Amino acid sequence: MITVESVDKHYEDFHALRGVDLEIASGSLTALLGPSGSGKSTLLRVIAGLEVPSSGRVILDGEDVTNLAPQQRGIGFVFQHYAAFEHMSVRDNVAFGLKIRRRPKAEVKEKVDELLRVVGLDGYQQRYPSQLSGGQRQRMALARALAIEPAVLLLDEPFGALDAKVRAELRTWLRRLHDEVHVTTVLVTHDQEEALDVADTIAVMDAGQIAQAGRPRDLYDAPASEFVMSFLGPVARLGGGLVRPHDLDLSLEHREGATEAQVQRVVHLGFEVRVELLPADAPAGAEPVVAQITRAEAETLELQAGDIVWVRAPLGQVPGVVAA
Amino acid sequence: MATVASSERGAPVRRRAGVHRRARAGGTGALPMGVVTVWLSVIVLLPLAALTAKSLGDGTGSFWHAVSSRAAVDALAFTLVVSLIAAAINAVTGTLVAWVLVRDDFRGKGVVNALIDLPFALPTIVAGLTLIALYGQDSPVGIDVTYTRTAVLLALLFVTLPFVVRSVQPVLIELDREMEEASTSLGATPGQTFRRIVLPNLRPAILSGAALSFARAVGEFGSVVLISGNVPFRTEVSSVYIFKLQESSDSPVAAAAVSVVLLAVSLTVLVGIRVLERRGGDRGHA
């Protein structure tokens, strides 16, 4: 259990964290999600002890660690750019924390071999980091962090430096690893898809504050603000409020609460059809509203560019719409 | 896992591409090659050959006699030992200076940084006079080291100051700070992080900087000649000894012979540096 209590962090001329309160449950995989500059990495580094908060407290499993040096916190930290010890073999990299703790040689060897098996780097013991690909380096870094059996595993944009394919693979792999190892894990990312895919809890950060924290579904279905809603998925703006494109309801006749709009473009994306609409009351030069409908719906409506349709958010259930 | 491994095989391919590129760029034409050959011959190789030939002009017997005389051996031994000490001291203090210049922020940092190169730019005889002004017979601080071995060491330290600093500085700037943070998070104290993470990464740079300052110290003349007093068997270094042979004793062949020995020492050091650098580079970029 990690508790962050009203943490503030000032840099010379930058207020990075503004009264952050956050509770992270033991054994969970939590994503800190936010745009760059939102303070998510700073918060992670404060938890690790790599940054000292200007005020506030960090509590790990009931112990106040705010003034504890990072090396005494028992935390595994994984960096975006791997931070591999370039002058050491893969074996020595993973063994580093154990050697610092003066564990018996046989135990270290056994533990390292086991971890390298877990991360899929068995047989790479004698290699050097420069002989590994990015994905392999990051898995080595994970093994290195896990070797000290940390109470908490902190990952700072761990897949940010990898290409899309490797990133997706490692993401799935991390999720499986977490199910096996069960260590409390906090992952910093700016990629909402990554957060939704991997995490069981998401804390969305904006301008040094937690905008909302909760289960991915709850955040998606009941966002607390326009910021959270627009950060967690596609949005369309209709009548001064935000709505998910797939929640928009199109019809050829006028209905209660519907807005008149002209079809600008119909894009067929296989099962999904995207309809770009220009509401009749939209100011000149406004961005079109994008509605997402199924292929069956599109065929029933027989939409073409130039058609007039009526569009509305689902009646009685206007989850995402926040008055502007 | 097999799919991950197969999609991550970039490095070896890239290296092979590099070799191809180098091979293609290899043919620069006969003219530049010829100019370089002539230039290096005229400036370096032929004079060296002439010196070697001259040293053997009176036969190998007199060559051996010249280099094995007590004065020659003592001068050489002193030169090598004092240069080694200077290199060792530089390895420590130079690394420290580079560390402060890279990692600490203080007013006047730019000035200090520029000052490091001054011993490089200064004519070495001026360096010698500078030291005499402070540590000579009329020393304003009451410290007189003239005509002692300490004076020679001091002069050598002065002129070799930049080598380690300038070789370590760029490596330290490039050094991944996150490596140190990773070490810290894994439980290492600041001392352990320095010994196990920082120092091994700086080692090739420290060694090559120290080797360069050793090579420079072995050949140093200008800064030493005044402050050392050139006391035979005590403070006389090889370069000064050679100068005396040539100018005062009128023994140009003996001077050439001792020079060849000094030359061999420098060459060995330079080759040693290359080997060290290659070994340091191999692991980093294999």
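The structure displayed is predicted, hence computed values, not measured ones. To find a chain, count down the sequence lines: A is the first, B the second, and so on, and within it residues start at 1.
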d(B:Leu186 CG, A:Lys99 NZ) to nearest 0.5 Å is 12.5 Å
When you compare the side chain of B:Glu181 with that of A:Phe77, does any pair of heavy atoms fall below 4.5 Å? no
B:Glu174 atom CD: more than 12 heavy-atom contacts under 6.0 Å: no
Cut-off 4.5 Å, heavy atoms of chain A, and the answer for B:Ser183 is both
Is chain B contacted by the side chain of A:Ala145, its backbone, both, or neither, given a heavy-atom distance below 4.5 Å? backbone
Nearest 0.5 Å, please: how far is CG in A:Leu50 from CD in B:Glu180? 11.5 Å
Check whether B:Arg196 gets within reach of chain A through its side chain, its backbone, both or neither, counting any heavy atom under 4.5 Å. both
B:Arg103 atom CZ, neighbour heavy-atom count above 12 within 6.0 Å: yes
Between B:Pro200 and A:His87, which heavy-atom pair has the shortest distance, and what is it? CB-CD2, 3.2 Å
What part of A:Ala69 gets closer than 4.5 Å to chain B, counting heavy atoms only: side chain, backbone, both or neither? neither
Taking every non-hydrogen pair under 4.5 Å, which of A:Gln72, A:Arg73, A:Arg144, A:His81 racks up the most with chain B? A:Arg144
What part of A:Ile148 gets closer than 4.5 Å to chain B, counting heavy atoms only: side chain, backbone, both or neither? side chain
How about A:Phe79 and B:Asp176: do any of their side-chain heavy atoms sit closer than 4.5 Å? no
Correct closest heavy-atom pair for B:Gly187 and A:Ile100 would be O-CG2, 3.4 Å
